**Student:** 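Pasting in a structure now, in structure tokens, and then I'll have a few things to ask.
As the structure is a prediction and not an experimental result, all values here were calculated from the model. All values below come from the heavy atoms of this structure, side chains included, with hydrogens, waters and symmetry mates left out.
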Amino acid sequence: MFIVETVCVGWFSLEFLLRFVQAHSKLEFLRGPLNIIDAMAILPYYVSLIVDENPTSEHERPSGGKGYLDKLGLVLRILRALRILYVMRLARHSLGLQTLGMTVRRSTREFGLLLLFLCVAVTLFSPLVHLAESELTGVQDFSSIPASYWWAIISMTTVGYGDMVPRSIPGQVVALSSILSGILIMAFPATSIFHMFSRSYQELKQEHDRLFKEECAAAAAATTGPEDEQDRGWVAFPPPRLVLTPDTETPGSFEDLSLLGNGGETSGNNKHPLPAGAF
């Protein structure tokens with residue numbers, strides 16, 4: 001696994017450096033969300049190498065050194081856990097993940113409303129179920145109102161782990177009300193989020209199709225470009241036309257034309273002029 005990770009991180013690092021070198025604006029490149037995720041996924045490997053290359057024995061350190069090593073080990077484990085961000089690199093090549101990210105970014109208001117509705121409902125039903133179970137029937141599953149918050153959250157989101165269950169009739173009535181309210185609360189913003197997801201998917205799909213067509217057109221232009229430039233070097237001119245205009249003011253002009261038309265015959269045949277089409 002270490003060899004596989006080394007090869008993958010080396011490839012990712014090379015790709016990241018090449019894209020950084022080719023970027024027009026280095027600052028904008030470093031500010032990109034996907035680029036930040038790439039850096040956070042690559043750096044833990046190098047940090048773990050640096051830390052592991054200088055191991056120190058705990059016996060050589062004073063009493064306070066053990067706490068320092070524990071904290072350093074915790075930070076190292078957290079950094080190693082960030083390797084799961086490799087999965088986010090698929091967003092560069094997956095239309096579905098790009099659509100999901102765009103939907104989340106555009107639907108922040110809808111998600112805020114969903115969280116607000118959920119918090120209000122949880123705050124309302126948690127004291128009710130605690131009152132119905134602990135105060136009225138004496139069941140100790142719901143020990144406190146903050147502990148009832150967990151039950152209200154998993155009930156309203158229709159998960160229901162079953163670790164905390166109301167057993168009395170009043171508690172079950174409260175649970176039924178919370179479940180129905182959770183279904184309605186989750187359904188209200190979900191419609192808007194779904195429409196936003198569909199719109200974002202259509203936009204990204206059209207954008208990908210447009211880029212694909214532009215790449216195909218550029219490739220076709222690159223292959224047929226030299227022939228077109230060579231053909232454009234020749235200019236097609238129409239063939240020259242001979243137009244004969246008789247000069248009526250100069251004496252003898254008709255006689256010269258008649259001589260040309262008769263193939264050099266004598267001037268006695270001037271009675272037969274050229275046909276009208278010659279003029």
**Student:** Does atom NZ (Lys213) have a neighbourhood of more than 12 heavy atoms from anything else shown, all under 6.0 Å?
**Tutor:**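 No, the 6.0 Å shell around NZ holds no more than 12 heavy atoms from other groups.
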
**Student:** Which residues, ordered by chain and number, are linked to Ile193 in its hydrophobic cluster, where ILVMFWY side chains connect at heavy-atom gaps below 4.5 Å, directly or through other members?
**Tutor:**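 Leu100, Val104, Phe111, listed by chain and number.
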
**Student:** Examine the side chains of Thr103 and Tyr201 and answer whether a donor and an acceptor come within less than 3.5 Å of each other.
**Tutor:**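 Checked: Thr103/Tyr201 side chains show no N/O donor-acceptor pair below 3.5 Å.
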
**Student:** Excluding sequence neighbours, so at least two apart, what forms side chain to side chain contact (heavy atoms under 4.5 Å, CB included) with Ser155?
**Tutor:**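 So Ser155 forms a side chain to side chain contact (heavy atoms under 4.5 Å, CB included) with Trp151, Ser178, Ile179.
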
**Student:** How would you list, by chain and number, every residue that makes a side chain to side chain donor-acceptor pair (under 3.5 Å) with Thr6, sequence neighbours excluded?
**Tutor:**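 Testing Thr6 for side chain to side chain donor-acceptor pair (under 3.5 Å), a comparison that skips the adjacent residues, returns Tyr45.
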
**Student:** Who are the ring pair (Phe, Tyr, Trp, His ring centres under 6.0 Å) partners of Phe194, not counting sequence neighbours?
**Tutor:**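 Partners of Phe194 by the ring pair (Phe, Tyr, Trp, His ring centres under 6.0 Å) criterion come out as none, since no residue qualifies.
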
**Student:** Would you please indicate yes or no on a ring centroid separation below 6.0 angstrom for Tyr149 and Phe125?
**Tutor:**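 No - the distance between ring centres of Phe125 and Tyr149 does not fall below the 6.0 Å cut-off.
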
**Student:** For the backbone of Ala190 and the side chain of Glu110, can you confirm whether one donor and one acceptor N or O come within less than 3.5 Å of each other?
**Tutor:**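 No; zero donor-acceptor contacts below 3.5 Å.
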
**Student:** How does the hydrophobic cluster around Leu18 look, that is, which other residues are in it when side-chain heavy atoms under 4.5 Å mark a link?
**Tutor:**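 For the cluster that includes Leu18, the remaining residues are Leu14.
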
**Student:** List, by chain and then residue number, the residues other than Leu211 in its hydrophobic cluster (Ile/Leu/Val/Met/Phe/Trp/Tyr, side-chain heavy atoms under 4.5 Å); write none if there are no others.
**Tutor:**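 For Leu211, no cluster forms, as it stays isolated from other hydrophobic side chains.
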
**Student:** Verify, without hydrogens or angle tests, whether Thr223 (side chain) and Ala220 (backbone) share a donor-acceptor contact under 3.5 angstrom.
**Tutor:**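 Side chain of Thr223 to backbone of Ala220, a donor-acceptor pair under 3.5 Å: yes, one is there.
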
**Student:** Does this structure show an ion pair linking Arg210 with Glu214, if we count only N-O contacts that are shorter than 4.0 Å?
**Tutor:**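 Salt bridge: yes.
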
